[in-house]
Amino acid sequence: MGQNGAGKSTLIKLLTGVYPRDGGTITFEGKDFRPTSPGDAQKKGMSTIYQELNLIPTLTVAENLFLGRAPRKWFGIDWHAMRRKAEEILGTFDLKVPVDQPLGTMSAAVQQLVAIARAVQTEARLIIMDEPTSSLDSHETEVLLGIIERLKARGLGIIFVTHFIEQVYRVSDRITVLRNGTLVGTYEASKLSRLEMVSQMLGKVPEEVEPALHGSPESKGPAVVTAQGLGRRGVEPFDLTVHAGEVVGFAGLLGSGRTEAARLLFGADHPTRGTVNGFQPKSPRQAIDQGMAFLPEDRKADGIIPDMSVRENIALVVQRKLGFTVSRAQQEKIAQEFVTKLGIKTPSVEQPVRLLSGGNQQKVILARWLAYEPRFLILDEPTRGIDVGAKGEIERVIHQLSQKGLAVLFISAALEEVLRISHRIAVFRDRKKVGELSRTTLPEVMKVIAGEEPQPSADASKSAGEERNAS
Amino acid sequence: SKQSSDKAEQPSGGSTAAAPAAEKKLVVGFSQVGAESAWRTAETKSIQGEAAKRGVDLKFADAQGKQAQQIQALTSFIAQKVDAIVLAPVVETGWDAVLQQAKDANIPVILVDRGVKVSDDSLYTTLIASDFVEEGRMAAEWLAKKTNAKANIYELQGTTGSAPAIDRKKGFEEILAKNPDMKIVKSQSGDFTRAKGKEVMEAFIKSDGKNIQAVYAHNDDMALGAIQALEEAGMNPGKDVIVISVDAVKAAFEAMVAGKLNATVECNPLMGPLVFDTIDRVRKGEKLPKFIQNKDQLFEQANAAQVIGTREY
Amino acid sequence: MALAALLVFNLIFTPGFARIELRDGRLFGTVVDIFQNGAPVMLLAVGMTLVIALGGIDLSVGSVMALSGAIAALLMTEHGQAVPTGIVAALAVALAVGALNGALVTFAGIQPIIVTLVTLVMGRGLAQTFTHDQKISFEIPTFEFIGNGTVLGLPFPALVVAGVALCVGLLLRKTSTGLYIEAMGGNPQAARLCGVRVHVIRILAFMACSLCAGMAGLIAAADIKEADVANAGLYLELDAILAVVLGGTSLTGGRANLMGSLIGAVFIQTLTVMLQMRGVITEHTLIIKAIVALAVCYMQTPAFEKLMQRVRPAEAKA
Amino acid sequence: MNFLRKHITVMAGVVAYLLLYAIAAARYDGFASLPVFINFLSNNAVLGIVAVGMTFVILSGGIDLSVGAVMSFSSVLIGVLIMDHHWSVFAAIGAAVACGSLLGAIMGAVIHRTGIKPFIVTLAGMFFVRGLAFIIHLESIAISDKAHTAIAITRVGPLPITALLLLGFVAAGWFVAVFTPFGRNVYALGGSEEASLLMGLPVQSTKIAVYALSGFCASFAGAALTFYLSSGSHLEGVGMELDAIATVVIGGTLLAGGVGSVFGTLIGVLMLGLILTSITTYEGMTSSGMTRVAIGALLLMFVLLQKVLMRRFVGVGRAT
Ligand SMILES: Nc1ncnc2c1ncn2[C@@H]1O[C@H](COP(=O)(O)OP(=O)(O)OP(=O)(O)O)[C@@H](O)[C@H]1O
Ligand SMILES: Nc1ncnc2c1ncn2[C@@H]1O[C@H](COP(=O)(O)OP(=O)(O)OP(=O)(O)O)[C@@H](O)[C@H]1O
Ligand SMILES: [Mg+2]
Ligand SMILES: [Mg+2]
């Protein structure tokens, strides 16, 4: 465990030979362990899932599972066997995807599961997982934790990095805490209380995490975004209204279409029908002009500009307001302000963003949008890979901004989080908006997600919501 | 050749006679290297113009400097059963197979401006060309006379590895070998272009300055570039520095009239009349020599003014 | 640093290298030549930097050079137009080619290398067609000034390069457009989501690159008083790309190092002139060029830095 | 449908090719005949073989500008060995191919060791190898050797030896790309080098092997050239690198790496052959300028047609 930038991923990369080490020894199975490359570490029995998805997006799902150890026939790679085995293995993860499609077309969660499946099926004696659950929903997480327990029972060692405290305590025997690149200590999980652990991580006793924020906003503002009949191939047309000062959450299972719906609202994909605020969204540019902002789900592919500095990454959108000529000093001021405000851990604002830890990259992208002061903010998995402290911080920022009149759309795989933050929740199932709920509870949302009971049509529930809000 | 023997062609003695419209037109395929220099374009124009004049259906194929494309053009000429093929080969080697095909199809092949090296010289009918080595010799001999066999010479070579560059250097050096006081001080490739000729000359001037007594350029374009460089450096081409080149294009005559270029060895590109005369002779069944020399001569400032009016290229 | 090494080498071993004198009111010397003759490649490198920073590539620059030179020369000789008309028309055609490149890349979604390969082939073809495969020579002092003139003793082409480089440099460093160009090169998806008008910027970058090529074409033609459609700018695209990459701009885009590109271009020209002055035979020239280019690039890599770090302590001990 | 979707670029290429071929056949007499088609293969065999090697390099995310020079170098070396040193044909070819592969491997090693961009390394390689070729022999060299000629005129059925070599290389290349771990590693490397490294793939050896393979193909193309021309030639390779890259990319391989196929490259070769043959010989253009314009225009037409077909059949995905 450790905060963003504490050095978890770096430690793992040192362990597995990605980075050369300056000193010290590693003992693995009683022997000195000096891997020359990740491949070497793998051969020696240490299998790793790195934090930033490290698979080949252009190759198929099946190939990504078997690259380097594909089943062979006398003349070469046996594609049929590979496909069959791939389906089999993914089956154990409850995952049904077309295995001969390129991995890059799959959602982040599918990619994460493939990476896990790849690591788990090797002959490894130690499996290292760097935030494997950050983009999984509760069901997928459950499956993964089950698998971890099975592996444990088989006698494998597992290093599990996560920001989810529940999960740590579910599977861990021992917990090692890092802070600022140094070891704080290693503890028996059963003897370390949660509060104690969090204070070890933060280096201080944490403030109370704010209780549930949900409930209707004190004063409901005017509608900021109104989508009507918005849809495209793969997303059934849906209606949505978000008011100033309101936080609307999207809940749903993996691949239920939340991301796609959000992208349509923002004009990132062209909708084939429907309107947003009376227009058919054409480009993100148009949306931004209307005061919309969008924090994408896949920060590596859609978010960061890796070689640019933190300053430039933050200034990218707000520059539109600053004008045609660039003032470096002004950019610096803004960047510095958000580095402080969001606690971005970076040596300077001139650091290329790719050198930051995963969570800090996420904060940079958030800063990029906040600096623009939007009227409507879409957050797709904003807390992915963010430590508890920062998570609380981000939630607080969202809450504050919404009280100042910002309309927010919040998407997260963690239902509790959606529930805590949102005033209203739209539920998606099978690429369709199936309902809207206000002042709801976890079991209630789960029921709608699962489609267990006949629920009112999307429209009906929406108007119901309107009425309630109006009263 | 046999497929057109039943429709006898009007024997055309010179450039005046045209084939009667009712008769089947003579079809000739012409594979040209490209359009890299004024000289080359003049050659193309001459052959195309002459064909039009005589009412010959000329199939023209530009190989853009690639032998593979020339071979491709030749095979398709053969497939189209042309009456004769005119080939200006990009390089000397590598023609055996395709010329054999032409021979098998009974199509006469006239080579222009450059020979080919083939195992069996019955593969082509004849070669109409200038002799590059001879051009080099002529230039050197003239220079020897002009400078009393004493000169520091700076050479601007053609494109490295190309036949004219190699031969013009070879011929020039043959004569130099007999004149110990004439020596090539520096020699660089100017790629047959004016821009490169100028650039290389500038470098020569900066490093050797007043030491430069004569410039020998493998073509006029480079010489013209060199003249410009000399002028910009405040030197007097044609007087302080003797400049001689090969090709004799119109611009070279202009430079000679202006007194900036001393001499140029002609390499005549106007092959049209001779080529079609030769084709007619072949079709009449005449036995031709393997080499028909295209007459080259040397022009100097003294006779430049008279000739310049007649230059078309 | 490599340039410095090369200069030092020249100063010592190439006689007359550093001599600069004032003749007829203009500076005269090898260094001046380098800037004058290198101007076209430097201009190409400036334009190419923009396109490469954006993650593209432009192979058509050499043909655009031929095309713009031909058009200016044609208008000024055969059509008797004034010099400014010729220049403006030539640059307009260059811009049009750039717009075509950009539009095909953006709207047809064809890879830049293919689009510009097509314009590379077609551009020179058009130039040849317009001029009927002829070279066009001219004697127009006002136009020749572009290639040969001097202002305060400095070669005019070098001043053009300086001017253009300054503009592009300001664009890259001091305007939002520069920020967007680099963002697009670094991650086009993300740039689009940040509201960058990727289409517009891409087209503009290709147009700017072509404009630079157009200017280079005018300079090259004016310099030799001739529009040589068959040879002007031939294979210069590779030199320009080499200059850009030598200068430290990555071919994958995302970062523009304009100063580096200029230094790269000067470096290439210096090397060429040096080899010419020393009278090295062509076969060897090629090999020397290869080795020097590699060595220079090697000096910029982290691997070399590490090597130096290992060597230096050893030196210190000795 | 699934098959079509997966190989959409290649399929679109095939359809576009057939369309253009049909147009040409309707326009020119005797165009639609087997000999003419076979001429496409044999006339472009040298380029095609080079392009097969280039396909792997581009798939791996790299680029190789030295291929034209290596091809010329190998043809000249073969000429010199046979004519001046009286080596047997096979020994000469073997030596040339060994040299070519070695040169490629050296470039690969330099790229990997020093981290210099492939573009620069192979551009330097191009200069270097071209210089080397001039040093071995300044002029192009004619080859007249009984055994060599015997091979040069060999035909299998209607196919001349060069066409046969091309088809052989395409088939072998396809097999290597699809069915060998090496081939898949090349795709992975092009998809993401960083990820390949973290997945434990042999990045270093794959990279070196890719350039060695390209050198192998280029030098073998040099051998094919000697069969085609009966000579070793300096000039044929000039500018070939761009043609080869164009061929590969027209065949649907992404310049960024990771996506593409060897079969697509064959389509690219045939396409270039079709364009050049129809324009330069059947159309009978009278000016060099118009010839170039027409070649460019046709090339563009083909690429656009390919794009249109792709959009028709699959629609555009999420990626822009
Ligand atoms: N050799 C080094 N010297 C100085 N700083 C370094 C070094 N290596 C890494 N860092 C920095 O240390 C920090 C540790 O990053 P790391 O990715 O390990 O964090 P993490 O604990 O995995 O965080 P997250 O939870 O956000 O993924 C980063 O900010 C990184 O830039
Ligand atoms: N379990 C699955 N089975 C099949 N396809 C899936 C699955 N999960 C995701 N996908 C694919 O992933 C793509 C992404 O869907 P989208 O991103 O809209 O979902 P989401 O609700 O945002 O889910 P998440 O972001 O949690 O993955 C869809 O196009 C879908 O084809
Ligand atoms: Mg991390
Ligand atoms: Mg999602």
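Letters A, B, ... mirror the listed sequences (proteins, then strands); counts begin at 1.
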Does some side-chain heavy atom of [Y] sit less than 4.5 Å from a side-chain heavy atom of [X]?
X      : Y      : result
C/Q276 : B/K206 : no
B/K198 : C/K225 : no
B/D221 : C/K135 : yes

Interface check, chain B: of C/D223, C/V229, C/T285, C/V280, most non-hydrogen pairs under 4.5 Å belong to C/D223

Checked C/A230, C/A232, C/S137, C/A221 vs chain B; the most non-hydrogen pairs under 4.5 Å come from C/A230

For residues 261-268 of chain B against chain C, heavy atoms under 4.5 Å, the residues are none

So does B/K170 have more than 12 non-hydrogen atoms from other groups sitting under 6.0 Å from NZ? no

Margin query: The test is side-chain contact (heavy atoms from CB on, under 4.5 Å); show your working for C/D33 and B/E199 and say whether it passes.
Written below: CA-CA 8 Å; C/D33 280 359; B/E199 191 185 313; over 6 Å; no

- List the steps and the verdict of side-chain contact (heavy atoms from CB on, under 4.5 Å) for B/Q228 and C/N148. CA-CA 11 Å; B/Q228 236 178 291; C/N148 270 321; 4.1 Å; yes

Ranked by heavy-atom pairs below 4.5 Å to chain C, first place among B/T193, B/D191, B/V185 goes to B/T193

Applying a strict 4.5 Å limit to non-hydrogen atoms, the region of C/L275 in contact with chain B is backbone

Between [X] and [Y], what is the shortest heavy-atom contact and its length?
X      : Y      : value
C/I224 : B/A195 : CG2-CA, 3.6 Å
B/K45  : C/H132 : NZ-O, 3.1 Å
C/E226 : B/R194 : OE2-NH2, 2.9 Å

Under 4.5 Å to a heavy atom of chain C? For B/T160 that would be side chain

